[in-house]
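Just follow the structure's listing: the first ligand is 1, and inside any ligand the first atom is 1. Values reported hereafter were calculated over all heavy atoms of this structure, with side chains retained and with hydrogens, waters and symmetry mates removed. Positions are given from 1, in the same order as the sequence printed here.
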Amino acid sequence: MSFYPIVRPRRNRANESIRRLVRETKLSVDDLIYPMFVVHGQDIANEITSMPGCFQYSVDRLVKAVNEVKKLGIPGVILFGIPEYKDSVGTEAYDDDGIIQQAVRAIKGTISDIMVITDVCLCEYTDHGHCGIIESGDVVNDATLDLLVKESISHARSGADMIAPSDMMDGRIGAIRNGLDQEGFENIPIMAYSAKYASAFYGPFRDAAESTPQFGDRRSYQMDPANSDEAIREVELDIQEGADIVMVKPALSYLDVISHVKSEFQIPVAAYNVSGEYAMIKAAGQNGWIDENRVALEVLTSIKRAGADIILTYFAKSAVEWIEG
Ligand code: PBG
């Protein structure tokens, strides 16, 4: 007699009801943060060519757009600012009347119950496009820290609910934590871009935020894509320095790093499904080469399955519709 299997894994896949019962990973609206871009001006909504469906909004339009995000039940947005002027030290980044500060005040003045997170970095505000002060062709660490602290305090003063430093300077979490605490902002959490790689997947974002480096690249401060032990050391340092949430970025090519961080530390882990990851799916979807919705949901599920508790994604609004539909 021929052999027939006793154990049949297919039994648990027979229909959607049983698949629902045994499903291990469930993506939820509670997991999502929606990144948004804000520019000076009035009544502006510029669609970003390489990120279809994403816009640079003026403050008035941003407030309306954030209200839509809130209505979908998404718990948070992260804001990126495009300044009016750029200079060598990114002055608008820590100006209390800068674009982010205006945007945060406008949102907090009209909308409640949504986390307004601000990205803290200098690359959008410097004329050279790097994430800090330049000396002899490279970003100097400690002088940059002072500016990041000023920027964080200014964001907190305008009403930001959470600060998210993305610059990758050494010691910035400790410096920012200390600066915030001294100004009475000890209850404002820090989401640290802890393991942020020098990735080619940020291309479309740099169009959106107008932050492409004018010379060289970011490899002397962002991590080498080949390294994962180093990610653990970076995360460990940020936790010691006071991070409340740690982040791995990008997400899709770093699922192993997300998984490693999640198993190593007992702290919320965020993953940033970055602009290039979004653009690839959008472009292939528009060409009819893949089913955009299914692929995006599969990717987001994989990021959660790898261990992310929080996902920053340009798909957040669509994802809510897919999850609920
Ligand atoms: C700023 C910053 C970047 C991103 C988030 N914060 C770009 C960069 O480091 O060049 C990228 C986000 C994305 O690609 O979606 N430092």
Side-chain angles (χ1 to χ4, degrees), residues 32-38 48-56 76-83 86 90 92-93 99-100 117-126 128-134 139 141 144-145 147-148 151-152 155 162-169 172-173 176 190-225 234 245-254 270-283 296 299-300 303 308 310-316:
L32 304 173
I33 293 174
Y34 186 56
M36 302 180 86
F37 301 94
V38 55
I48 300 150
T49 314
S50 52
M51 300 173 69
C54 296
F55 295 82
Q56 294 177 329
V77 294
I78 182 163
L79 302 183
F80 297 93
I82 294 105
K86 299 182 189 238
E92 195 181 317
I99 186 64
I100 285 293
I117 306 163
T118 56
D119 182 88
V120 165
C121 197
L122 294 168
C123 60
E124 295 105 305
Y125 304 90
T126 50
H128 45 74
H130 278 285
C131 305
I133 297 174
I134 301 289
V139 175
N141 198 87
T144 298
L145 293 183
L147 302 186
L148 296 168
E151 181 178 5
S152 302
H155 288 182
M162 192 190 289
I163 302 296
S166 68
D167 52 282
M168 288 302 277
M169 295 304 116
R172 87 260 205 233
I173 301 304
I176 291 171
I190 298 176
M191 175 164 69
Y193 287 72
S194 302
K196 178 175 176 178
Y197 288 88
S199 170
F201 283 101
Y202 307 148
F205 173 96
R206 292 179 188 171
D207 293 340
E210 301 173 12
S211 63
T212 307
Q214 299 304 301
F215 65 90
D217 54 44
R218 304 210 201 292
R219 284 180 236 210
S220 78
Y221 42 106
Q222 298 180 348
M223 284 179 56
D224 183 337
E234 282 281 8
I245 298 171
V246 295
M247 192 198 297
V248 175
K249 175 190 174 186
L252 196 46
S253 300
Y254 300 87
Y272 201 141
N273 175 224
V274 300
S275 57
E277 301 173 52
Y278 175 81
M280 288 195 302
I281 293 175
K282 280 284 177 185
V299 165
L300 295 176
I303 296 169
I310 298 167
I311 305 173
L312 296 87
T313 179
Y314 305 97
F315 285 114

(message) Which label fits Tyr221 and His130: parallel for a plane angle under 30°, tilted from 30 to 60°, or perpendicular past 60°?
(response)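 The rings of Tyr221 and His130 stand perpendicular, inter-plane angle above 60°.
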(message) Angle between ring planes, Tyr272 versus Tyr314, binned at 30° and 60°: parallel, tilted or perpendicular?
(response)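 Geometry flag for Tyr314 against Tyr272: tilted rings.
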What are the atoms of ligand 1, with element, lying closer than 4.0 Å to any heavy atom of [X]?
X: Arg218; answer: 8 (C), 9 (O), 10 (O)
X: Cys123; answer: 1 (C), 16 (N)
X: Arg206; answer: 8 (C), 10 (O)
X: Ser166; answer: 1 (C), 2 (C), 6 (N), 16 (N)
X: Tyr314; answer: 12 (C), 13 (C), 15 (O)

(request) Pick, from Gln222, Glu277, Lys196, the option with the minimum heavy-atom distance to atom 2 (C) of ligand 1. (result)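 The residue whose heavy atom sits nearest atom 2 (C) of ligand 1 is Lys196.
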(message) I'd like to know whether ligand 1 has Tyr272 as a neighbour, heavy-atom separation below 4.0 Å.
(response) yes
(request) If you have a sec, work out which protein heavy atom is nearest atom 14 (O) of ligand 1 and how many Å separate them, to one decimal? (result) Ser275 OG, 2.7 Å
(request) Would you mind checking which non-hydrogen protein atom is closest to atom 11 (C) of ligand 1, with the distance to 0.1 Å? (result) Lys249 NZ, 2.8 Å
(message) Show the nearest heavy-atom pair for residues Ile100 and Gly81, with the distance to one decimal.
(response) CD1-N, 3.4 Å
(message) I need the minimum non-hydrogen distance between Pro213 and Arg218, along with the two atoms involved.
(response) CG-NH1, 3.6 Å
(message) Counting only heavy atoms closer than 4.0 Å, does ligand 1 sit against the backbone of Asp119, its side chain, both, or neither?
(response)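 It is the side chain that gets close, since no backbone atom is under 4.0 Å.
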(request) For the pair Ser211 and Arg206, evaluate side-chain contact (heavy atoms from CB on, under 4.5 Å) and give the outcome as yes or no after the intermediate values. (result) CA-CA 5 Å; Ser211 63; Arg206 292 179 188 171; 3.7 Å; yes
(request) Would you mind telling me which of Val77, Ile163, Ile78 makes a side chain to side chain contact (heavy atoms under 4.5 Å, CB included) with Thr118? (result) Ile163
(message) I need the single residue from Asp167, Val120, Asp119 that forms a side chain to side chain contact (heavy atoms under 4.5 Å, CB included) with Glu151. Which is it?
(response)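 Result: among Asp167, Val120, Asp119, Val120 is the only option passing the side chain to side chain contact (heavy atoms under 4.5 Å, CB included) with Glu151.
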